[in-house]
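Working notes for the structure below.
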There are 2 protein chains.
Amino acid sequence: MADRSTSKAGTPASAAALPVAGAHLSPRAREIVAAARTLLEESGPTALTMRTLADHLGIKAPSLYKHFPDKQAVEVELIAQMLEECAEVLEATEARASGGLPALAEAYRAYALAHPHLYCLATERPLPRASLPPGLEDRAALPLLRACGGDGDLARSIWAFAHGMVILEIHGRFPGDADLAAAWKRGLTALHS
Amino acid sequence: MADRSTSKAGTPASAAALPVAGAHLSPRAREIVAAARTLLEESGPTALTMRTLADHLGIKAPSLYKHFPDKQAVEVELIAQMLEECAEVLEATEARASGGLPALAEAYRAYALAHPHLYCLATERPLPRASLPPGLEDRAALPLLRACGGDGDLARSIWAFAHGMVILEIHGRFPGDADLAAAWKRGLTALHS
DNA sequence: CGATTAAGGCTAACACCGTTAGCCACGACT
DNA sequence: AGTCGTGGCTAACGGTGTTAGCCTTAATCG
């Protein structure tokens, strides 16, 4: 990591500026993370076990420790993937014609609901900031901050609203007959400057 | 709920209308729940183990199963306690002179931050509604709904905002230099009709 | 009073969890 | 030809929720 200049050969500058998640991992480690992700997304967090993860890769659980120091290290990679994909989705929304705050919120909600287990994994615990690619957390937050004209307090209150709506919906906390689209619209128009 | 009239003998009507959490439990079971609560609140969810819980009661883990079918049943009682206390706090705030929406929000935040582990336990999973005292969930939601003049969409958007603020703060997701009081005020004044 | 029964403890054990220690086969490089 | 890193393996440890089965005590009843 001391010298990034080696990556400038053969790689477009734009891609070099955006560190791809898991770039520091060996190919085999990336396979493990990929298997962990499908396991998590398809079968939920209780299925994400070192033994079942190894099974899906055709190896035994202890062999995983040749690639990762512990289970949390695998989870950190999944969290990094979520943050990066979230950032990409928001940046793409921002770049589109309809890139206002409602579009950002809709994109955020759609991504979270499309990957509920991953969203919860990345969200329902303190962020392991030390183990995360530097700048990734900020990058995921920037589109909303820009949409708020740089007003951090406003951005945080909108983020809290969006996260609250998404996480309560994922956990089925709203009554079955609740009109969530109406609640979203209500909150966003109120918070929208 | 077919016949509540049996409870009218010997119990004040006001208390009979408010089912106290764990009333259906034996005294020993209530002791277990109490020990589980102090364990959870003082040492976090990872310390809430059937073995350490039994240790704190001076018995062995399998003996707990004479009182509860499984660990989840103990957790359900803790969740019910949280919902009931939350309802009590909000109702008391409502009854005070300063019982407006900002006061409700502040009371909600204060309760959650005073019992972060309990709040997470009761919040970060689907509600076991079938195992909960009937009406308790609604009771906890009513003060906010009343403050919103019966507007369910508005109440849900405010609840999502408050839960998002609280849960993100508990998990240390906001930057250390963020002015959370400002974010709260910003969100509440915007959502406040 | 003696017998029965329920309550509530116990030990032993099972399957599963994350994780460690130590061994071994293979392939690449010197 | 030899060395060494890579990446697999088995065996095992301590901890988890949980079950089966036994035993003691206290209350209840014929």
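Reminder, nothing fancy here: chain letters follow the sequence lines and each chain counts from 1. Predicted model, so just to flag it, every value in this text is computed and none were measured.
Side-chain contact between Arg109(B) and Glu169(B) is present, with at least one heavy-atom pair separated by less than 4.5 Å.
As a whole-Å value, the separation of Lys60(A) NZ from dT19(C) P is 19 Å. Taking atom CG on Leu48(B) and atom C1' on dG17(D), their separation rounds to 12 Å, with Å as the unit. Atom CD of Glu31(A) is separated from atom C1' of dT6(D) by 14 Å (rounded to the nearest Å). With rounding to whole Å, Met50(B) atom CE is found 12 Å from dT19(D) atom C1'. Atom CD1 in Ile59(B) sits about 13 Å away from atom C1' in dA7(C), given to the nearest Å. For Arg28(B) and dA26(D), the CZ to P distance is 15 Å, given to the nearest whole Å. Between Ile32(A) atom CD1 and dT6(D) atom P the separation is 14 Å, expressed in whole Å.
Between Glu85(B) and Arg37(B) there is a salt bridge, since at least one side-chain N of the basic residue sits less than 4.0 Å from a carboxylate O of the acidic one.
Between the side chain of Thr93(A) and the backbone N or O of Ala103(A), no donor-acceptor pair lies under 3.5 Å. With Ser43(B) contributing its side chain and Leu40(B) its backbone, the two residues share no donor-acceptor pair below 3.5 Å.
One donor-acceptor pair, N or O on each side, does fall under 3.5 Å between the base of dG18(C) and the side chain of Arg51(A).
Taking a 4.0 Å limit (strictly below) on heavy-atom distances, residues 62-73 of chain B reaches DNA chain C at Pro62(B), Ser63(B), Lys66(B), His67(B).
Using bins of under 30°, 30° to 60° and over 60° for the plane-to-plane angle, the ring pair Tyr119(B)/His163(B) lands in the tilted bin.
Between the OG atom in Ser157(B) and the CG atom in Leu191(A) there is a gap of 8.0 Å [rounded to 0.5 Å].
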